[in-house]
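Notes follow once the structure below has been shown.
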Amino acid sequence: MTELFDFVGGGVASSSPLVGSDTEPTIFELSVPGRKSSSFRNSGVDLLDPASILESRFLRSEEVDLPEVSERDLVGHYTRLASRQYSVDMGAYPLGSCTMKYNPKFADSVAGMPGLNRVHPGSPDELVQGWLELLVMAEEYLCEITGMQAATFQPAAGAAGELTGLLVIRAYLQHTGSKANKIIIPDSSHGTNPASVTLSGFDVVTVPSDESGLVDTDALAKVLDGSVAGMMMTNPNTLGLFEVKITEIARMVHEVGGLMYYDGANLNAVLGISRPGDMGFDVVHSNLHKTFATPHGGGGPGSGPVAVSGALADFLPGPKPCRLSDKENEFGWYMPPRSIGRVHSHFGNAVVVARALAYMVYNGSDGLKMASDLAVLNANWLKASIADYYEFPFDGVCMHEFVASALQIKKETGIRGLDIAKSLFERGFHAPTVYFPLIVEEALMIEPTETESPQTVRALADALIDIAKRAHDPETKDALHDAPTTTPVRRLDEARAARNPKLIF
Amino acid sequence: MTELFDFVGGGVASSSPLVGSDTEPTIFELSVPGRKSSSFRNSGVDLLDPASILESRFLRSEEVDLPEVSERDLVGHYTRLASRQYSVDMGAYPLGSCTMKYNPKFADSVAGMPGLNRVHPGSPDELVQGWLELLVMAEEYLCEITGMQAATFQPAAGAAGELTGLLVIRAYLQHTGSKANKIIIPDSSHGTNPASVTLSGFDVVTVPSDESGLVDTDALAKVLDGSVAGMMMTNPNTLGLFEVKITEIARMVHEVGGLMYYDGANLNAVLGISRPGDMGFDVVHSNLHKTFATPHGGGGPGSGPVAVSGALADFLPGPKPCRLSDKENEFGWYMPPRSIGRVHSHFGNAVVVARALAYMVYNGSDGLKMASDLAVLNANWLKASIADYYEFPFDGVCMHEFVASALQIKKETGIRGLDIAKSLFERGFHAPTVYFPLIVEEALMIEPTETESPQTVRALADALIDIAKRAHDPETKDALHDAPTTTPVRRLDEARAARNPKLIF
Amino acid sequence: MGSFVPHTDTEIAKMLVSLGLEEIDDLYDHLPQGARFKGDLSIPLGVSEADVLDLMDSLARKNRPTGRELICFAGAGAYDHDSSAAAMALASQSAFVTSYTPYQPEVAQGVLQALFEYQTLISRLSGLDVTNASLYDGGTALVEAVNLACAHSKRSRVLVSRGIHPHYREMIQTYAKGSGHEIVEVGLSGCSTNLDSVSLQGAAALCIGYPNYLGEIEDLEAAKRLCEASGALLVVVYDPVAVATLRSPGDMGADVAVAEGQSLGVPLSFGGPYLGLFSAKGELVRSVPGRLVGETVDIDGKKAYVTTLRTREQDIRREKASSNVCTNQTLIAIQAAIHLSWLGKSGFSELSRRCFSATRYLSDGISRIPGAKVLNRNFFREFVVELPIDAGTTVERMAERGFLAGVAIREGFEDSPLVGTLLMTATEKRTKSEIDSYLQTLKEVVAK
Amino acid sequence: MGSFVPHTDTEIAKMLVSLGLEEIDDLYDHLPQGARFKGDLSIPLGVSEADVLDLMDSLARKNRPTGRELICFAGAGAYDHDSSAAAMALASQSAFVTSYTPYQPEVAQGVLQALFEYQTLISRLSGLDVTNASLYDGGTALVEAVNLACAHSKRSRVLVSRGIHPHYREMIQTYAKGSGHEIVEVGLSGCSTNLDSVSLQGAAALCIGYPNYLGEIEDLEAAKRLCEASGALLVVVYDPVAVATLRSPGDMGADVAVAEGQSLGVPLSFGGPYLGLFSAKGELVRSVPGRLVGETVDIDGKKAYVTTLRTREQDIRREKASSNVCTNQTLIAIQAAIHLSWLGKSGFSELSRRCFSATRYLSDGISRIPGAKVLNRNFFREFVVELPIDAGTTVERMAERGFLAGVAIREGFEDSPLVGTLLMTATEKRTKSEIDSYLQTLKEVVAK
Ligand SMILES: Cc1ncc(COP(=O)(O)O)c(C=O)c1O
Ligand SMILES: Cc1ncc(COP(=O)(O)O)c(C=O)c1O
């Protein structure tokens, strides 16, 4: 080939291995000066030169350096990237605390309805009656499910819900004249809880778990006094265990004037079985992206509505959608009289709420209970299936998930929880959550969810057992250290990423 | 694990390797009695038992044995199957004669418009004015592009178009009193051509190609007489070469009373450059799924409209959508007076036509010409790039594709065209068409299309060159025989499939 | 200007230099002057994506789609069923949508396995051994069945019931102009085929609907007896949704069973793309038109799928191929297969029963309209009604009131007492209240 | 009943047996009676997919979406732009949609690389070194910027221009109730921040819009000078589409730049899900909230991506984390990244210019309406109009005539002469004829 053919540069080829075994170049490497995908409507409006109207001190001298790619290469690039990504639609995803259940496709149809997704948030009430009704309906469902009286859909995710709920507690206590400033958190709690407590201006007090993995009520009793604004828990807790003393705990906290905050990350265990309100909680956030099956999108968007008891309703963020009391089927906005104010630029992740409502309506009271029933059954059955091979730091029936420990295996064989997780990829499964909760060494936090069949749960058990067996066999052990080998990339040098961060191309 | 956990059977797990290296079970193997995805609208209509109304001799004793799977497993199964499939969106697909160019995503939006896809084909004219206008507009575009006078969109694919066009020729000749019964076809033609000729009741006469790969006009002259009904060609021909004597050939055929049929599979080479009508053709079918970028769907649906000269318009299938002559913007149906009759159950693959029209409108006269220009330039550039490593049985400038031969490589190294094709997979590309056209030994028919960038074409050239070099190196040669190794399955035992056909699970 | 060509002017210039050319048009220097198109095509210049979508949207708005504003009671081979969101989403994965015919099996196991599953599903439904990987539509499938029967029996006379979809009958006539087959229509008595009048002596096949176009369940057993006596093949055009409840064509003796597959989750789409189902007895496998996918293993012994028995196809046998079909309706077949699996065993029979029940509720109501008369005897999910006024007029008036009332019987029934009657259906989508208001409106409309 | 639980009754029974249980409820025997919910939730029983879609459709029909029947001139932080079909299709691939936060990088390179590219794109746009992998929305991004500024400077007084979106200002106030930050609003002079009145002494940050909520291009250089004098950080809330033409916040001296990313191809969606863009100077990297993706290699030396600097996050530092954000808007970030790449370098600046041009055409027309007055001096793609009648009334009347006229200025501007004025915009979607008919209609409406 003559050199005349060698000019090609400034962009690599968009060729692709079928199954993603090669590295995909970045979109910037695919860029070639002058190439383009976009085109614009012929609007008939004359194009003006901003420089002819605006002062030059405002204007860029160069265009933003975006990639220049053809639509064909754009499509190839992101299609190949998608082929390098595991997902629920690909297979089981037993990631504890994350409730990676099946996300129904009909919800995508809902999200795609122009009557929902082409609505401007600044539209006057008369034009958005459907949206207002939808949000009110979702509130009614959510309150019934959680045993609460009123809810806000403004928080965009669980953590935002936590902060919102804590600010509501704060406002309520302030209103009652309380100066309490401590929030109690179990040591098994999720990291967002203490972070939210700090952001809401409270101090964190951690209570330990007892030998059964539950809140140590004696220890709790010791920290309870008038300075306690409330306690934040999830139930079942992050070990997957139901806090059997929950009503007592609630009573104890209430007695010193504190409020009970429910982190709804584990609500999928108790739909129609035990409502946070009945347990004694005053504030509940739900992760719609977990319990109500809105897809997680690689990390979001979610939705973290906060539901509260009647006493706290006046403090919720506003404006809130409401039924107009005078007219049966008309809806409007309302500002709770002692509202903490807005916590979202608009009304929360509205379309995510629409998906969740569709899911709730589809399941109904019977389907929701059945979802929790089978989530719990699957978890207990999986736990029992692997009981001869893995340790469980805490005894007893679990709820929708459980925590196993690879500590013994590690001691005996050197194979760590991480090796087990990575070895699962090669066997066709996503890994469980590892090294959380922090109170269990070599934790493997496993949540099969209700949408996996007994066949899948069984195959997952077999994979876990196979790994445990191989860990004990010197001949097969090393392969576990080397895992995964079938994935697009293998174990990463994470230290290097943090030492010398390269965060942009 | 106790035996109590061993009951699971009747369905395999839906676990999955990330990148599809394991075999995916069939949907039947995933089935478990009693499992279900579907649910039905609460219509309020009482469900009747057919046995209470219809005679039992009409009724099944058992339900159709369909799979019983959860929606979650259904989604997992077909998502994993998709991950075992190469596609244009994944990478380059230089399959000669197939024009695997990029299929614009906006056409999916068109296909999804309820105003198009929820229309019943039996609707009265007043309710389908948009569809009628769309089809008339598509006809106008297609006629201008092909240089013809009228068209039908009934044929559902290229082969259906061939048969339709030949039946039109037949009806026309019969109308003129001709008894001609032969259709001439070059020996390089696509297999559907002779098959369509037979089905249309004509006899096939094959003319050989000359040493430059074009129709041998001397041989043609010899077979031309009053018994010749017509000649069927594609131009550029299947070797990618423009039949430079085309106007002369047309004249010769016309002189004996024959008609010229254009197989539009290669129309992508000549948009705005040379119209079949100008070349002398009387009947033209187009493969909308090739030239006009409607996606090929793993083998269909396509659309194979037939456009004809004025003299043949009256013979087209009907009913045909038309502008009502009395009213400017009203549309209706019309039966061409000497129509051969229907060739489709309704009006053809209407939604495919809508996609193609969108593509034609988007490109316009300038964009269509540019598409062909770059298809031709890419092909010539690729051909020149690999010229030191591959033989070309015929000289000269090619159009949108070219045929290389691996015959020399095979003689020297034992590496066949098939090995080259399979080795391309490992280098990130789909294979070219191999062993077609039949007149070239060890044919590799390569069509890069205009939507591949110079970078991609260059990478394809590099891959082909790399393979050729390795074929000549005893150290690296064997790997080519073994290719592919990175695909979900490797070379198949095709003989076994044919010897003892297993066509259902 | 719109274009999907990635090349920049600079790149084009350099590519031309490397080829020793000055401008792109130099590539066409060898074209004969007469064939070279001068100037620009007389169609508008290219536009943007947004402009195209505006245009298509404005065309779409000139139609009246079925839905809340046009409640559909029309069938006649194209039914307003619900599709499932999951099936639609799965079938529109780009790996399926943007791949070619699976000629290279190593990189096409997705499409191949999906087609193998499709073949299995349709074989189970039709009760026959072999199913191809789809044909264009119901009519094409029937034409191919006629061709197969003639090729197989080496006879050329084919009897076709007038109870078959008039468009399909037209197609048979059209294609017979090429094949030379002699097509004889068999008349009706009421809504069913007048089998008494039939002479199958020397015939290649008898083609009959099940239920037929008019919704009538034909007596296939009687038809089979006639075929057996004469050596003709029994070709059955069935309705897949009805056959979820009715005995399968294979069970009734069909040698070939074909159908329009649109009702298996395919949108109405103004008539296409639809799906031709084609199944046959095992002994006919080498005459079956179209593509077939078979199971085999790869060199590592892994189970794998591949197109097989290719010698039937044109790329091998050219003019002697069993059919000229090449591109078929693969994606629609995959969609139908996914939809059937979504329906599942009990769901499919429930769907069928729901259509039956809604149709019966409708027909009962029709019978109570003064002057209206249901003409069928045994029907499953569609029936013919004689009305006090012409069916065409009825359809027009009903459309103004928000209903697609049905399909008026006209073409293909010339000289028949059925002309001017109305064919109607109610699918599982039709609610009781929709049917009630349809009946009320129809009553008013035909009374005028 | 609707449910996605696959288990059959038989399977459940066997699973229970293997666990030694009789019925599922036995699993809850250990729950305290008081906490055990008795009976059924008082919500309806489950329904079918079709029923759900019917319900949601009936709700959707009670809205009036933007489109041909409601031509949108409203902005105020949410803009009616065209999205590209390719970007929408690519972002909705199920691999992106149905995966979790990429904690296991070996099987999450798709999301990780897409986020790495997103970070790069937004950094190039904002002119700052570091961008996180998204926050919830524009308002949250600003709140986080305030928190960062206070944490970084160890100061707690923050000055916020009244030219910033009133909702964002409300959010700052809400969250300040927890953080205890002192929030001081800086008033306006006309449509721009009255910088003369500002004392930044001891302040952590000055927050200012660019262009601001009212569409006015603020004098960032003057703001920067004030910041420099006092050690306060300059926090800029920018409009990405304007910044395609205007100098970048980074170039103007911003330490942190945040934005609502909705205008990067995200549907209006009644306000969410949207996208919070957050960029900062490199020296602030360890205080940046939210997720960060970095490049590294795997043990084979292959380039690979991973979430990094996790020590900032709550799962490591718990109550000392830089922020509590965990789930963010990843999918929307990916969608925006794809949309930006689709727009490309010249396309993005063309988009910006088209918005500018349409807005100017609109503002010129407004100026010709008797009694209407444009209040801005330097504006890019949005502006404020004083009308003869109240803006709220105008919006209502215009809606009846098929226009979403704009957003009436009310909350957040109490005591300001701006109350009752109308904020309006015209995006690249608005055609000349739409703008003309809007102007004509507005003229009629305000004359009444
Ligand atoms: C127990 C728990 N609490 C809170 C959260 C935070 O929720 P989000 O990620 O929606 O902000 C999570 C999510 O991982 C969680 O598992
Ligand atoms: C040259 C040629 N002619 C005809 C055809 C048949 O077209 P279709 O597959 O659309 O029936 C093809 C398709 O492969 C072809 O390449």
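Residue numbers start from 1 in every chain, and the chains themselves are labelled A, B, ... in the order their sequence lines are given, proteins ahead of strands.
- Only the side chain of A:Lys422 comes within less than 4.5 Å of a heavy atom of chain D; its backbone N, CA, C and O stay farther away.
- Inter-residue side-chain proximity for A:Leu492 and D:Gln109 is flagged as met; some heavy-atom pair is nearer than 4.5 Å.
- Using a 4.5 Å heavy-atom cutoff, the side chains of D:Leu404 and A:Pro124 are in contact.
- Without hydrogens or angle criteria, D:Glu170 side chain to A:Gly341 main chain gives no donor-acceptor distance under 3.5 Å.
- Judged by distance alone, the side chain of A:Asp366 and the main-chain N or O of D:Gly46 form a donor-acceptor pair under 3.5 Å.
- Between A:Ala354 and D:Met56 the shortest heavy-atom distance is O-CE, 3.4 Å.
- Proximity to chain D (any heavy atom under 4.5 Å) is restricted, for A:Met100, to the side chain, taken from C-beta onward.
- Judged purely by distance below 3.5 Å, without hydrogens or angles, the side chains of D:Thr98 and A:Asn103 never pair a donor atom with an acceptor atom.
- Using a 4.5 Å cut-off between heavy atoms, D:Val97 contacts chain A through both its backbone and its side chain.
- In this structure, chain A has a heavy atom under 4.5 Å from the side chain of D:Thr308, while its backbone stays farther away.
- Residues A:Thr198 and D:Lys320 form no side-chain contact, since every pair of their non-hydrogen atoms from C-beta on lies 4.5 Å or further apart.
- Both the backbone and the side chain of A:Leu199 come within contact range of chain D, with heavy atoms under 4.5 Å apart.
- Nearest approach of A:Leu163 to D:Tyr175, heavy atoms of both residues: CD2-CE2, 3.4 Å.
- When heavy atoms are compared at a cutoff of 4.5 Å, D:Asn328 approaches chain A by way of both its backbone and its side chain.
- Of the possible polar contacts, one joining the A:Gln85 side chain to the D:Val111 backbone as a donor-acceptor pair under 3.5 Å is found.
- Remark: the backbone N or O of D:Pro6 is not paired with any side-chain donor or acceptor of A:Ser453 at under 3.5 angstrom.
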Legend entry - Verdict with supporting geometry, A:Leu377 and D:Leu27, side-chain contact (heavy atoms from CB on, under 4.5 Å): CA-CA 8 Å; A:Leu377 184 59; D:Leu27 287 163; 4.1 Å; yes
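- For chain D, the nearby parts of A:Ala160 are the backbone and the side chain; heavy atoms of each come within less than 4.5 Å.
- Contact annotation for A:Arg35: neither backbone nor side-chain heavy atoms come within less than 4.5 Å of a heavy atom of chain D.
- Contact of D:Arg61 with chain A is not made at all, since no heavy-atom distance falls under 4.5 Å.
- Of the two parts of A:Glu71, only the side chain, counted from C-beta on, holds a non-hydrogen atom closer than 4.5 Å to a non-hydrogen atom of chain D.
- The parts of D:Leu53 that come within reach of chain A are both its backbone and its side chain, each placing non-hydrogen atoms under 4.5 angstrom from that chain.
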Inset, instruction - Please report the C-alpha distance between D:Ile24 and A:Met370 in whole Å, then the side-chain angles of each, then the deciding distance to 0.1 Å, and finally whether the side-chain contact (heavy atoms from CB on, under 4.5 Å) criterion is met. - result: CA-CA 10 Å; D:Ile24 287 188; A:Met370 175 166 289; over 6 Å; no
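- Considering only heavy-atom pairs separated by less than 4.5 Å from chain A, the leading option among D:Tyr100, D:Phe356, D:Tyr136 is D:Tyr100.
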Inset, instruction - Test side-chain contact (heavy atoms from CB on, under 4.5 Å) on D:Phe96 and A:Leu81 and set out the steps. - result: CA-CA 9 Å; D:Phe96 293 145; A:Leu81 281 189; 4.2 Å; yes
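- Heavy atoms of D:Ser248 lying under 4.5 Å from chain A belong to its backbone as well as its side chain.
- Between D:Tyr28 and A:Phe242, the distance from one ring center to the other does not fall under 6.0 angstrom.
- Both the backbone and the side chain of D:Leu343 come within less than 4.5 Å of a heavy atom of chain A.
- Of the listed residues (D:Asn324, D:Thr431, D:Asp40), the greatest number of heavy-atom pairs within a distance under 4.5 Å of chain A belongs to D:Asn324.
- Looking at A:Asp108, there are no atoms closer than 4.5 Å to chain D (heavy atoms on both sides), in backbone or side chain.
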Legend entry - Steps toward side-chain contact (heavy atoms from CB on, under 4.5 Å) verdict (D:Thr120, A:Ile27): CA-CA 10 Å; D:Thr120 308; A:Ile27 191 80; over 6 Å; no
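- Only the side chain of A:Pro484 comes within less than 4.5 Å of a heavy atom of chain D; its backbone N, CA, C and O stay farther away.
- If you measure heavy-atom distances from D:Ser123 to chain A, the contacts under 4.5 Å come from the side chain alone.
- Residues D:Gln173 and A:Arg342 have side chains not in contact (no heavy-atom distance under 4.5 Å, counting atoms from C-beta outward).
- Using a 4.5 Å cut-off on side-chain heavy atoms (C-beta onward), D:Ser269 and A:Leu116 make no contact.
- Chain A forms more heavy-atom pairs under 4.5 Å with one residue of D:Leu292, D:Leu309, D:Val407 than with any other, namely D:Leu309.
- Contacts of D:Leu351 with chain A are made by both backbone and side-chain atoms, with heavy-atom separations under 4.5 Å.
- Within the 4.5 angstrom heavy-atom criterion, atoms from both the backbone and the side chain of A:His190 approach chain D.
- If you measure heavy-atom distances from D:Val285 to chain A, the contacts under 4.5 Å come from the side chain alone.
- Looking at A:Arg491, the atoms closer than 4.5 Å to chain D (heavy atoms on both sides) sit in the backbone and in the side chain alike.
- Residue with the most contacts toward chain D among A:Gly201, A:Ser38, A:Gly364: A:Ser38 (heavy-atom pairs, distance under 4.5 Å).
- At a 4.5 Å heavy-atom cutoff, the contact between D:Ile43 and chain A is made by backbone and side-chain atoms alike.
- Remark: the backbone N or O of A:Phe58 is not paired with any side-chain donor or acceptor of D:Arg247 at under 3.5 angstrom.
- D:Arg124 forms a cation-pi arrangement with A:Phe28, by the criterion of a distance under 6.0 Å to the ring centre and an angle within 45° of the ring axis.
- Under the 30°/60° scheme for interplanar angles, the aromatic rings of D:Phe4 and A:Tyr362 are found to lie parallel.
- Heavy atoms of A:Phe106 lying under 4.5 Å from chain D belong to its backbone as well as its side chain.
- The contact between D:Tyr361 and chain A is made entirely by side chain atoms (from C-beta outward), counting heavy-atom distances below 4.5 Å.
- With hydrogens and angles left out, the side-chain atoms of D:Asp137 and A:His344 include a donor and acceptor closer than 3.5 Å.
- The greatest number of non-hydrogen atom pairs below 4.5 Å with chain A, out of D:His165, D:Glu260, D:Glu49, is found for D:Glu49.
- Between D:Ile12 and A:Leu374, the closest side-chain pair of non-hydrogen atoms falls below 4.5 Å.
- Heavy atoms closer than 4.5 Å to chain A are found in the backbone of D:Arg430, but not in its side chain.
- Nearest heavy-atom pair, D:Leu268 versus A:His120, reported as atom, atom and distance to 0.1 Å: CD2-CD2, 3.8 Å.
- Contact of A:Leu368 with chain D is made through the side chain alone, with heavy-atom distances under 4.5 Å.
- Both the backbone and the side chain of A:Pro67 have a heavy atom closer than 4.5 Å to some heavy atom of chain D.
- With a 4.5 Å cut-off on side-chain heavy atoms, D:Tyr168 and A:Ser345 count as touching.
- Contact check for A:Lys369 versus D:Leu41: no side-chain heavy atoms found under the 4.5 Å cut-off.
- Remark: side-chain polar atoms of D:Thr296 are not paired, donor with acceptor, to backbone N or O of A:Arg496 under 3.5 angstrom.
- Residue A:Tyr102 touches chain D through its side chain alone, counting heavy-atom pairs closer than 4.5 Å.
- Of the atoms belonging to D:Asp129, it is backbone heavy atoms, and not side-chain ones, that fall under 4.5 Å from chain A.
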